[in-house]
Amino acid sequence: MELAFERRGTGTPLILIHGIGHHWQGWLPVLDRLAAAHTVYAVDLPGFGVSPELPPGVPYTAESLADAIESFCARLAIRDPLVAGNSLGGYIALELASRGVVRAATALSPISFWSRAELLYCQAMLRVMRASARSMPLEQLENPYVRTVSAGLLVARPARLDPTALMAATQALGAAPGFEETLESFGGLMPPAPPKSPITIAWGEHDRLLLRRQAVRAARWSGQRVKLMKGCGHVPMSDDPELIARVILGS
């Protein structure tokens with residue numbers, strides 16, 4: 001697929017994959033740090049950001065979105081890349097590692113390690129956020145209190161969010177045509193098959209959407225300790241850009 005993306009840097013290719021309702025710009029706080037060591041491709045998933053929707057008849061599932069990332073890499077002749085993702089993007093990163101089509105994968109608070117109650121909570125909160133994004137006048141986000149209420153579920157430190165970036169992210173959430181079907185598909189989602197490529201999983205200490213106890217299940221699934229991102233929420237890139245870059249770079 002011809003997906004929208006931002007390319008920066010030189011070196012080993014690194015694909016960055018956002019979460020549901022987000023867009024590639026969510027990686028901006030860490031993009032230049034990563035581009036100092038890699039050729040970075042921050043991608044808009046199909047039906048999100050400004051990427052086109054999936055072809056007619058192709059369902060919006062985490063697996064089909066992973067297929068789209070594979071297709072994207074093939075189209076640009078990106079071979080054996082590193083991949084990092086957040087939330088839905090974290091699952092996609094693990095799925096690509098399970099397929100053995102990436103050199104290594106980093107997943108930040110990946111979906112699919114929830115209990116039934118935690119899944120329903122996640123879906124409900126995301127629907128509330130979507131409805132708010134579609135009805136809220138964007139200029140209200142210039143108010144620090146409104147920013148805190150609006151983004152507090154996703155980030156631990158809303159004050160660090162750039163108001164313009166939050167407005168753009170809110171607009172992307174409200175407009176994403178792939179949102180509803182993708183969110184509905186979460187109900188049947190199980191963790192991927194065992195990975196064939198090396199993986200790193202990290203979880204936000206203050207993740208209020210996918211509660212950090214899910215990291216224990218991710219650790220059992222992966223057979224390794226999950227890193228705790230101190231001071232970070234579910235979407236951690238703005239909470240501590242230096243820490244997130246270190247996690248992804250493995251340093």
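Counting from 1, the numbers follow the sequence of the chain as shown.
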Check P13 against R79 and note the closest heavy-atom contact, atom names and distance. CG-O, 4.2 Å
Within 6.0 Å of CZ in R213, more than 12 heavy atoms from elsewhere: no
Could you check whether any side-chain N or O of S185 sits under 3.5 Å from a backbone N or O of T182, counting only pairs where one atom can act as donor and the other as acceptor? yes
For M229 against P236, the heavy-atom pair lying closest together: CE-CG, 4.0 Å
Short side-chain to backbone donor-acceptor contact, R147 and P158, under 3.5 Å: no
Under 3.5 Å, side chain of T170 to main-chain N/O of A133, donor-acceptor pair present? no
Nearest heavy atoms of A245 and V30, plus distance in Å: N-CG1, 4.4 Å
Backbone N/O of H18 and side chain of N86: donor-acceptor pair under 3.5 Å: no
Mark yes or no for whether E181, through its side chain, and Y60, through its backbone, hold a donor-acceptor pair below 3.5 Å. yes
D67/R99 salt bridge by N-O under 4.0 Å criterion: yes
Give a yes or no on whether Q140 atom CD has more than 12 heavy-atom contacts from other residues, nucleotides or ligands under 6.0 Å away. yes
Could you tell me whether a side-chain N or O of T39 sits under 3.5 Å from a main-chain N or O of G11, the two making a donor and an acceptor? yes
Scanning both residues in full, the closest heavy-atom pair of S64 with V58 reads CB-CG1, 4.1 Å
Hydrophobic clustering (ILVMFWY, side-chain heavy atoms < 4.5 Å, transitive) - are I92 and L183 grouped together? yes
Rounded to the nearest 0.5 Å, what separates atom CG in L14 from atom NE2 in H38? 5.5 Å
Take atom CD in E184; do more than 12 heavy atoms of anything else shown fall under 6.0 Å from it? no
At what distance, to the nearest 0.5 angstrom, does CG of L94 lie from OG1 of T106? 9.0 Å
Counting N and O atoms only, with roles assigned by atom type, does the side chain of S197 sit under 3.5 Å from a partner on the main chain of V102, one being a donor and the other an acceptor? yes
Determine yes or no for a side-chain-to-main-chain donor-acceptor pair under 3.5 angstrom, with S222 supplying the side chain and A218 the backbone. yes
Backbone of I199 reached by a side-chain donor or acceptor of Q224 within 3.5 Å: yes
Check this for me, if you would: do R160 and D239 make a salt bridge, where the nitrogen-to-carboxylate-oxygen distance has to be below 4.0 angstrom? no
Closest non-hydrogen contact found for P81 with I15 is CB-CG1, 4.0 Å
I'd like to know if the side chain of Y91 pairs up with that of E63 as donor and acceptor (distance under 3.5 Å, no hydrogens or angles considered). yes
Restricting to non-hydrogen atoms, name the atom on W221 and the atom on I201 that form the minimum distance, rounded to 0.1 Å. CZ3-CD1, 4.1 Å
